[in-house]
Amino acid sequence: MIDYNSIESKWQKVWDNEKVYEFDPDDREGILVTAALPYVNMPQHIGHLRTYSTADMNARFLRMRGYNVLYPMAFHKTGTPILAIAKRVRNNDKELFEELADYGIEESDIRKMADPMFIANFFTDIMEKGMRRAGYSIDWRRKFDTIQPRFSKLVEWQFLKLKEKGLIVQGEHPVGWCTNENNVVGQHDTRHDVQPRIEENIAIKFKDADSNAYFLCATYRPETIYAVTNLFINKDAEYVVAKIGEEEYYLAKDAALMLSNQKKLEVERSIAADELLKKKALDPITGNEIPVLPGFFVKSDFGTGVVMSVPSHAPFDYAAIERLKRDGYPVGEIRYRKVIDIEPSKDGKTLGRSFAEEEGSGTGDGHSGNGQKSIDDSIPALAYLSLIDGNIDAEDDVLDRATKAIYKEEAHWGIMAEGPYKGLREQEAREKIKKEMSAKGQAMSIYLLTNEEPVYCRCGTKVIVKVVSDQWFIDYGNEKWKAEVMKHLGSMKIYPQKLDETFRGVVDWIDLRAAERAQGLGTPFPFNPSHIIESLSDSTIYMTFYTFDHILAANNVQPESLKPSFFDYLFEYNKDISAVSKDTGISEEVIKKCKDSIDYWYTSTRRHSAPDLVPNHLTMYIFNHVALFPEKFWPKSIIVNGFVNSEGQKMSKSMGNIVPLISGAEKYGVDPLRFLEVTSADLDTDINFNISALEGVYERNEYLYKTAGEVNAMESGELTHIDYWLYSKLNRKIKDATAYMKNMNIRNAYTRMFYDSVSELQWYKRRGGKNGIVVKDFMEKIVKMLAPIMPHFAEELWHMMGNNTLIVREKWPEEDEGMISDKEEAIEEIIKGTIEDIKKSVELSSKMDLNAGKKVSKVKIIVAEQWKATAYALLSKTKDIGGTIGSSALSGIDKERLSKFVSQFAKNVRTLVETAEMDETALEKSLEEAKGFINGETMLSIEVEEEGKSKSARASRAMPYKPAIEIIWS
RNA sequence: GCAGGGAUGGCGGAGCUUGGUCAAACGCGCAAGGCUUAGGACCUUGUGCCUUAGGGCUACGGGAGUUCAAAUCUCCCUCCCUGCACCA
């Protein structure tokens with residue numbers, strides 16, 4: 001069993017001593033390979049290896065191809081997650097303690113995490129160790145993090161420039177908000193990490209019949225306004241009269257409090273629910289007076305606390321009205337009007353089709369055959385209620401199900417049946433009505449959270465929507481900017497290529513993006529220093545920093561010196577180096593060194609990432625480069641790899657299937673892990689980490705290890721067919737794999753370099769191949785090709801085979817085109833095929849009566865005469881029977897035999913695939929050499945002969961690519 | 001809703017960009033044989049259906065089409081997955 005751990009640590013030491021991963025400009029072409037920098041609030045697990053391993057493999061491959069390739073790493077500390085962890089530690093969050101303990105972190109260390117800076121440093125340390133353990137070819141001299149002062153200077157410069165270019169704008173924006181902590185609430189700040197989903201909605205104004213005030217009704221479905229019968233309020237809630245703009249509104253006190261975060265709203269006085277119940281409201285469409293009634297389901301802290309009642313289409317409203325009626329409450333005349341029809345499907349299904357399947361036989365009514373009951377749909381709310389066996393006394397959750405069903409189906413298949421938008425699809429009608437009513441001043445827009453369940457801040461307060469004004473945005477909606485990005489996209493290389501279209505889609509849709517935040521670690525926002533720069537926005541051009549920060553550090557340049565003029569010089573806004581030196585106090589020599597370095601490294605860049613960053617970071621990365629830098633620094637290529645699943649499931653803490661990086665490395669070996677995660681699926685496909693796949697890698701590695709150990713003891717001799725065959729396979733492999741690697745077609749590349757190689761070696765040996773020179777050449781070249789992905793293992797094998805150089809500095813092998821032989825490979829295929837044919841023929845013919853009780857004494861393999869191969873090749877190319885028979889190349893052949901041979905292809909001549917002419921003499925020779933092997937495989941005595949010399953009756957059946965077989969029974 | 005991606009054998013998953021060499025790589029599972037006291041270890045063979053000589057038939061979500069030829073190209077349908085912003 002190979003001891004990966006000791007091999008790995010052994011070579012890592014050697015590499016470190018040799019400083020093989022320190023890269024500086026030289027006369028080769030420079031390439032900068034970067035992978036998205038990790039966020040340091042959790043240790044890595046083996047899933048995180050994929051992107052970094054892919055980038056490392058790419059960097060190593062390019063180095064072997066002769067480029068000078070820099071692969072640096074930095075750490076992301078800005079934003080809120082680190083603060084959130086610190087807060088959870090201070091709150092003794094049990095879940096968090098357990099999670100961190102799973103990664104093997106001592107409780108004493110967890111306690112210290114009350115301090116955010118401790119967290120950042122602690123995990124930075126762990127991550128760096130992990131990456132070193134993984135054996136990445138990272139130049140660690142260039143490490144930095146995103147809160148260090150010099151870095152902040154770059155970010156400040158970035159925002160000043162964006163502002164100068166008019167790409168930063170100010171405006172208002174809805175956000176999730178905690179009224180207790182007075183903070184913006186994002187996914188990280190909520191209980192169970194729920195994303196607060198905000199949707200713009202509409203609140204319709206219903207004028208009080210006797211005053212100038214309005215009832216304000218929030219609604220998801222303004223299109224049902226044509227069926228309004230009344231308003232509902234909660235008779236037990238507190239209501240207020242509040243001024244929004246110039247007008248007075250009735251709404252629940254709780255609702256008013258919430259809305260005050262969205263609008264200029266002043267509460268004037270409270271008003272009793274009883275008083276409101278005595279009022280009449282005016283339907284804004286008809287002008288009719290409608291009653292205000294108590295609704296059992298109305299919540300004071302949702303929407304406005306006033307509901308417009310549409311009993312015909314809303315189950316809650318229907319139930320409320322019917323309950324009031326039954327209880328003798330004076331509801332007045334309520335007319336149910338159906339204003340939306342469901343368009344039947346092709347097979348005639350109408351109501352209830354959305355849950356026909358999912359409910360299964362749910363109702364058990366015997367009608368479940370096609371899921372349809374014949375149902376009276378004149379009151380849709382009632383119809384849906386009865387579809388799920390509910391009635392007006394149903395529990396709220398039953399009413400809720402009915403509500404969701406009707407909402408969904410009418411949104412899907414609804415057609416307006418009444419009103420000015422009659423005939424229009426419900427969705428379109430809704431949008432038109434929203435617009436129209438807002439324009440006429442009959443409604444105003446409000447924001448609501450659309451989450452199914454209420455969202456709570458970690459502090460326990462219910463999250464609401466706040467509209468923040470004076471919010472700064474980066475204006476990714478800027479048309480000119482977009483156009484430039486779109487144009488540049490066309491000259492970029494995106495792997496996998498099909499993501500190109502995805503990027504275009506994102507560029508097309510991306511719009512304003514908040515650039516600052518009230519809290520978190522990071523760089524103060526230059527135009528509002530009490531806020532910090534939003535943490536995705538501060539990491540769009542950080543890759544440039546790798547090229548010069550180590551120079552600044554080495555020369556002790558202080559952050560204060562990094563004035564805008566310095567960056568202006570680097571990014572070519574000015575060219576007067578002495579003026580810059582004077583302005584900043586940095587010596588010209590240092591400035592020049594920085595400039596030379598960025599010019600060397602940054603003109604050819606390759607960026608690696610996982611797909612979740614496509615719609616945000618990667619797109620913003622392109623945008624910012626295009627806006628800020630000279631064109632030669634614009635992104636050249638982006639490589640996106642899929643995620644890592646574990647035994648078929650997403651790796652996550654809730655699944656409990658996380659394997660921390662360090663312990664994973666110890667348990668499985670870093671090289672096999674790297675290999676599995678990078679090569680076992682196409683680039684864009686999620687890979688599946690599982691032990692059995694890993695075992696496949698171990699097995700083959702053992703085989704290669706064993707072979708490498710034997711190679712120098714093997715004897716060499718004259719080359720035979722099977723040696724040429726192995727050479728052909730090797731050289732074809734190098735050629736194909738190299739092309740695949742260049743296109744980041746990693747899986748195909750390594751299938752050839754690894755899996756195929758092992759089975760070819762095995763076949764070679766099984767066939768009797770034993771030529772030391774051939775095997776050593778084969779082994780050395782495939783080991784070199786394995787070096788980018790399993791560097792430690794490759795290094796070990798390389799030295800086992802007697803080499804003294806470091807494989808990580810070796811060149812990628814070149815194919816010898818002359819050794820690629822279609823002929824040798826075809827002959828080998830024919831030999832394999834012939835063995836199959838013999839076995840099958842013996843099996844079938846043994847059942848023939850005339851062979852009963854007999855045994856096979858001998859098998860003759862009869863190779864076709866050369867003219868057949870000539871004729872077949874010609875025919876497959878020309879598809880011309882007459883022409884082939886008449887061809888001068890075949891002039892010496894007996895016309896009768898020739899035409900008999902050729903004419904058997906007559907009926908399907910057009911379907912023949914063009915095939916090269918087989919060398920029948922070589923085939924016969926190779927079969928002769930393989931006689932012993934075929935005998936061993938079939939356990940039959942074998943003879944090989946040529947058609948012309950054969951007396952067998954079956955000889956004429958010999959085909960150019962398929963020798964005839966005669967089985968002799970006795 | 002908007003955008004993008006996908007549907008292949010008992011399973012995972014190639015192949016589809018450049019239609020033919022595809023009953024479909026590779027792996028798992030399963031079966032038989034070898035080895036063996038034994039085996040979850042290893043090796044070989046087999047694994048859609050039919051077949052008394054290397055053959056035939058049916059297949060790649062459903063339907064239609066283009067073509068001598070389609071898993072591969074075109075159109076329609078059904079179903080599934082992912083992302084949608086202040087969050088790294």
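Since the structure is predicted, the reported quantities are computational estimates derived from the model, not experimental observations. Each chain gets a letter, A, B and so on, in the order the sequences are listed, and its residues count up from 1.
Scored by the side chain to side chain contact (heavy atoms under 4.5 Å, CB included) test, A/Y407 finds A/Y220, A/R221, A/R430 as partners (sequence neighbours excluded). Partners of A/Y755 according to the side chain to side chain contact (heavy atoms under 4.5 Å, CB included) rule, which considers only residues two or more places apart in sequence or in another chain, are A/F675, A/V697, A/R700.
Counting any heavy atom pair closer than 4.0 Å across all strands shown, A/H617 reaches no nucleic acid atom. Backbone-only contact: A/R700 has heavy atoms under 4.0 Å from sugar-phosphate atoms and none from a base. Contact annotation for A/N616: base contact, defined as any heavy-atom pair under 4.0 Å involving a base atom. Residue A/P174 is classed as having no contact, given no heavy-atom separation below 4.0 Å to the nucleic acid. A/A515 comes within 4.0 angstrom of no nucleic acid atom, judged by non-hydrogen atoms across all strands. Note on A/N851: nothing from the nucleic acid sits closer than 4.0 angstrom, heavy atoms only. When heavy atoms are screened at a 4.0 angstrom cut-off, A/L512 is found touching base atoms of the nucleic acid. As judged by a 4.0 angstrom heavy-atom cut-off over every strand, A/V185 is placed among residues touching the sugar-phosphate backbone only.
Side-chain proximity of A/R197 to B/C86, B/A53, B/A85: nearest is B/A85. Comparing B/A53, B/A85, B/A88 by their nearest atom to the side chain of A/T80 picks out B/A88.
Taking atom P on both nucleotides, B/A59 is separated from B/A3 by 36 Å, rounded to a whole Å. Separating the C1' atom of B/C49 from that of B/A23 is a span of 11 Å, rounded to the nearest Å. Distance check on atom C1': B/C60 versus B/U51 gives 24 Å, rounded to whole Å. Distance noted for atom C1' between B/C2 and B/U8: 30 Å (whole Å). Distance noted for atom P between B/A70 and B/G19: 14 Å (whole Å). The same atom, P, is picked in B/G63 and in B/U58; the two are 15 Å apart, to the nearest Å.
Residues A/K733 and A/S757 bring a donor and an acceptor atom of their side chains to less than 3.5 Å of each other. There is no side-chain donor-acceptor pair under 3.5 Å between A/Y542 and A/D145. One side chain, A/D538 or A/T78, offers a donor N or O that lies under 3.5 Å from an acceptor on the other.
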Would you tabulate the pairs of protein nitrogen or oxygen atoms and nucleotide nitrogen or oxygen atoms of nucleotides 43-45 of chain B closer than 3.5 angstrom?
residue, atom, partner, partner atom, Å
B/U45, OP1, A/R766, NH2, 3.2

Could you run down the sub-3.5 Å N/O contacts of the protein with nucleotides 55-59 of chain B?
residue, atom, partner, partner atom, Å
B/G55, N7, A/K840, NZ, 3.3

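A donor-acceptor pair under 3.5 Å is formed between the side chain of A/K482 and the backbone N or O of A/D508. Under a 3.5 Å cut-off, the side chain of A/N690 and the backbone N or O of A/S692 do form a donor-acceptor pair. Using modelled atom types, no side-chain atom of A/S876 and backbone atom of A/L912 make a donor-acceptor pair closer than 3.5 Å. Judged by distance alone, the side chain of A/T619 and the main-chain N or O of A/V614 form a donor-acceptor pair under 3.5 Å.
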When you check every protein heavy atom under 4.0 Å of nucleotides 2-17 of chain B, what one-letter string (B, S, -) results, 5' to 3'? SSSSS------SSS--

Dot-bracket for RNA chain B, 5' to 3', counting Watson-Crick or G-U wobble pairs under 3.5 Å, with [ ] for crossing pairs and | for inter-strand pairs? ((((((((.[[[..)....(.....]]]((((((.......))))))(((....)))...[[[[[..)....]]]]])))))))....

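In this structure, A/F159 and A/F525 have perpendicular ring planes: the angle between them is above 60°, well past the 30° mark. Ring geometry, A/Y39 versus A/H76: the interplanar angle exceeds 60°, so the pair is classed perpendicular (tilted spans 30 to 60°).
No close placement of the A/F75 and A/F123 rings is indicated, their centers lying 6.0 Å or farther apart.
Rounding to the nearest 0.5 angstrom, the gap separating the CG atom in A/N743 from the OH atom in A/Y740 is 9.5 Å.
Put simply, the side chain of A/I967 does not reach to within 4.5 Å of the side chain of A/L940, judged on heavy atoms.
Look at CD on A/E966: it is 14 Å from C1' on B/G54, rounded to the nearest Å.
Between A/F473 and A/T834, the residue anchored nearer the 5' end of RNA chain B, judged by the nucleotide with its closest heavy atom, is A/T834. Comparing A/S692 and A/L844, the nucleotide of RNA chain B nearest to each residue sits closer to the 5' end for A/S692.
The only option from A/D684, A/D682, A/T685, A/T51 that meets the side-chain hydrogen bond (donor to acceptor under 3.5 Å, both in side chains) definition with A/N641 turns out to be A/T51.
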